[in-house]
Amino acid sequence: LQNMKEKIGSVISNFQLEDEMVRSYAGPLYNRAVDQIASTAPGGVPSMDQVATLASLRDLLSIAMEDVYEVHGNTFGAQYKKGIKEALGTTGVIREEFRAPLEDLRSRLGVSDEAAKDTYLEALSERMKPMIEYISNEMERLVLTNDQLAQKRGDDYGEDYFKSGQKASGKLGLGTDGNIMSDIMNLIDFYVENDIVEKEVVGTKKVEKKVPA
């Protein structure tokens with residue numbers, strides 16, 4: 001491999017090929033190799049041998065990893081998101097023992113730290129959305145009458161029932177029996193335990209990055 005790299009370097013030097021021309025040939029060759037490995041890798045995740053092959057190819061073509069983050073993200077990003085969703089499991093919280101394997105997966109897939117963070121927040125947002133929608137709907141049932149709900153949603157509502165199986169009581173439909181508060185607490189746990197809020201110090205100000213709702 002080293003001899004081959006030296007020969008390529010010699011050709012580039014002897015013919016005084018410009019860097020832009022070299023990159024125009026090296027880039028597509030590498031991208032084609034990434035596509036081929038993605039199509040043959042079990043579950044779309046490259047084996048350690050395939051990862052080593054791509055590393056050797058980058059070395060041969062004098063391509064920096066930073067220059068191919070985009071193609072790796074486009075090719076393997078979906079597999080990284082799948083790994084995040086699997087780590088969330090039924091609880092919706094990524095336990096500490098799953099964080100190192102997720103980082104190993106990110107590294108194997110060649111996904112940049114920045115792209116990984118965006119994918120992480122995207123996966124959590126998709127998990128959060130139905131939770132937020134459910135709480136919003138239950139809150140409406142809590143404070144609105146059946147007539148108001150019918151007007152807002154365009155449906156006919158009879159007796160107001162909640163997860164407890166009880167009818168709503170009172171003019172505001174109060175009959176949730178603490179179910180909404182339990183759901184809200186679960187959402188807060190999801191938000192906190194998954195480190196959705198990331199604080200950065202910028203000068204003397206703290207900036208919070210949050211998952212899109």
Has S125 got a side-chain atom pairing as donor or acceptor with L121's backbone, closer than 3.5 angstrom? no

Same cluster or not: are M181 and I188 linked, directly or through other Ile, Leu, Val, Met, Phe, Trp or Tyr residues, by side-chain heavy atoms under 4.5 angstrom apart? yes

Contact between T91 and E193 at the side-chain level, heavy atoms closer than 4.5 Å - yes or no? no

Say you draw a straight line from CE of M128 to OH of Y191; how long is it, rounded to the nearest 0.5 Å? 6.5 Å

More than 12 heavy atoms from other groups under 6.0 Å of CD on E103: yes

For the CD atom of E70 and the OG1 atom of T75, what is their distance to the nearest 0.5 Å? 10.0 Å

Side-chain (S39) to main-chain (Q36) donor-acceptor, under 3.5 angstrom: yes

Tell me whether Y120 shares a hydrophobic cluster with V93, the cluster being built from Ile, Leu, Val, Met, Phe, Trp, Tyr side chains joined at under 4.5 Å. no

Has Q50 got a side-chain atom pairing as donor or acceptor with S47's backbone, closer than 3.5 angstrom? yes

Are D195 and I94 side-chain neighbours, meaning at least one heavy-atom pair lies under 4.5 Å? no

Would F190 and I196 count as a side-chain contact (heavy atoms from CB on, under 4.5 Å) here? Give the steps. CA-CA 8 Å; F190 177 89; I196 290 177; 3.9 Å; yes

For a quick test of reading the model, state the closest non-hydrogen atom pair linking A38 to F76 and the distance between them. CB-CE2, 3.6 Å

With rounding to the nearest 0.5 Å, note down the distance linking OG1 in T119 to CD in E114. 10.5 Å

Measuring from atom CD1 of I84 to atom CG of L124, what distance do you get when rounded to the nearest 0.5 angstrom? 7.0 Å

d(M65 CE, D67 CG) to nearest 0.5 Å is 9.5 Å

Can you see which heavy atom on L109 is nearest to which on G44, and at what distance? CD2-O, 4.4 Å

R127 side chain near N194 side chain, heavy-atom distance below 4.5 Å: no

Does the R108 side chain pair with the main chain of P46, one donor and one acceptor, at a distance under 3.5 Å? yes

I need the I180 CD1 to L187 CG distance, nearest 0.5 Å. 12.5 Å

Please check if the side chain of N137 supplies one atom and the backbone of E133 the other of a donor-acceptor pair under 3.5 Å. yes

Just checking, is any N or O donor in the side chain of R58 or Y30 under 3.5 Å from an acceptor N or O on the other one? yes

